[in-house]
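Inspection log for the structure reproduced underneath, given as structure tokens.
All of these numbers come straight from a predicted model, not from anything done at the bench. Reckoned from all heavy atoms, side chains included, excluding hydrogens, waters and symmetry mates.
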Amino acid sequence: MSKYVCDTEEVKRIGSELIKSAEDMTTSAKEYASKIESDLSEWDSSAKSSFSAVNQAQVATTGIDAEYASKLGEFIQVAAEGITTLDEELASNIKI
């Protein structure tokens with residue numbers, strides 16, 4: 001039977017890409033934080049303290065955004081599964 005609702009495979013793919021992007025964001029933020037802390041280890045000034053505080057906040061924000069993106073990707077995939085199920089039920093009940 002034909003699809004009545006949408007291309008759920010494409011929706012699932014997009015959800016997967018969003019999850020992968022969130023994983024990449026998390027990895028990149030952790031690598032950045034580690035490298036910047038290493039680079040700043042010998043720097044000693046009030047500017048370092050100010051920069052470190054702002055930088056840590058930005059890294060934390062990136063982590064929160066990545067977590068949100070990952071959960072959104074998971075939601076998109078679950079929604080696509082639900083659409084597929086409903087579409088199949090609809091297709092099996094319609095006699096054309």
Side-chain angles (χ1 to χ4, degrees):
M1 265 296 165
S2 62
K3 298 286 182 185
Y4 295 104
V5 180
C6 70
D7 183 357
T8 55
E9 291 306 313
E10 180 67 9
V11 174
K12 289 179 199 174
R13 185 187 66 75
I14 290 169
S16 292
E17 286 183 10
L18 188 55
I19 292 169
K20 174 73 171 102
S21 294
E23 291 169 357
D24 291 346
M25 246 171 87
T26 300
T27 300
S28 294
K30 286 180 180 179
E31 288 175 0
Y32 163 79
S34 175
K35 287 179 183 177
I36 199 76
E37 287 302 319
S38 175
D39 289 347
L40 295 176
S41 65
E42 295 180 24
W43 188 23
D44 188 30
S45 70
S46 60
K48 175 185 176 181
S49 298
S50 295
F51 174 80
S52 290
V54 170
N55 188 56
Q56 288 172 357
Q58 290 297 319
V59 170
T61 298
T62 301
I64 291 167
D65 291 345
E67 183 179 347
Y68 177 82
S70 181
K71 288 181 180 183
L72 179 59
E74 291 170 7
F75 172 79
I76 289 169
Q77 289 181 324
V78 169
E81 288 294 328
I83 290 169
T84 299
T85 301
L86 291 173
D87 188 37
E88 289 169 358
E89 288 176 15
L90 179 61
S92 68
N93 290 322
I94 294 179
K95 307 286 188 242
I96 298 178

Can you give me every donor-acceptor pair (side chain of residues 68-76, partner residue at least two apart or in another chain, under 3.5 Å) with its distance?
unit_1 : atom_1 : unit_2 : atom_2 : d
Lys71  : NZ     : Glu67  : OE2    : 3.2

Gap separating the OG1 atom of Thr84 from the CD atom of Glu89, nearest 0.5 angstrom: 11.0 Å
Are more than 12 heavy atoms from other residues, nucleotides or ligands located less than 6.0 Å from atom CD of Glu10? yes
If you measure from CD1 on Ile14 to OG on Ser16, what distance do you get to the nearest 0.5 Å? 10.0 Å
Is it the case that atom NZ in Lys48 sees more than 12 heavy atoms from other parts of the structure closer than 6.0 Å? yes
Taking atom OG of Ser41 and atom CG of Asp39, what is their separation to the nearest 0.5 Å? 7.5 Å
Check whether any side-chain heavy atom of Tyr32 lies under 4.5 Å from a side-chain heavy atom of Thr62, and answer yes or no. no
Rounded distance (nearest 0.5 Å) linking atom OG1 of Thr85 with atom CD of Glu81: 6.5 Å
Can a salt bridge be assigned to the pair Lys20 and Glu17 using a cut-off of 4.0 Å between side-chain N and carboxylate O? no
Side-chain donor or acceptor of Ser34 paired with backbone N/O of Glu31 under 3.5 Å: no
Worked check of side-chain contact (heavy atoms from CB on, under 4.5 Å) between Trp43 and Ser45: CA-CA 7 Å; Trp43 188 23; Ser45 70; 3.5 Å; yes
Give, for atom OG of Ser21 and atom CD of Glu23, the distance between the pair rounded to the nearest 0.5 Å. 9.0 Å
For Thr8 and Ala80, which heavy atoms make the closest approach, and how far apart are they? CG2-O, 3.7 Å
Taking all non-hydrogen atoms of both residues, which atom of Glu37 and which atom of Asn55 are closest, and how far apart? OE2-ND2, 4.5 Å
Taking the side chain from Ser28 and the backbone from Met25, do they hold a donor-acceptor pair closer than 3.5 Å? no
Any side-chain heavy-atom pair of Val11 and Ile83 under 4.5 Å: no
Verify the cluster assignment for Val78 and Leu86: are they in a single hydrophobic cluster under the rule of side-chain heavy atoms below 4.5 Å apart? no
Does any N or O in the side chain of Lys12 come within less than 3.5 Å of the main-chain N or O of Gln77, such that one atom is a donor and the other an acceptor? no
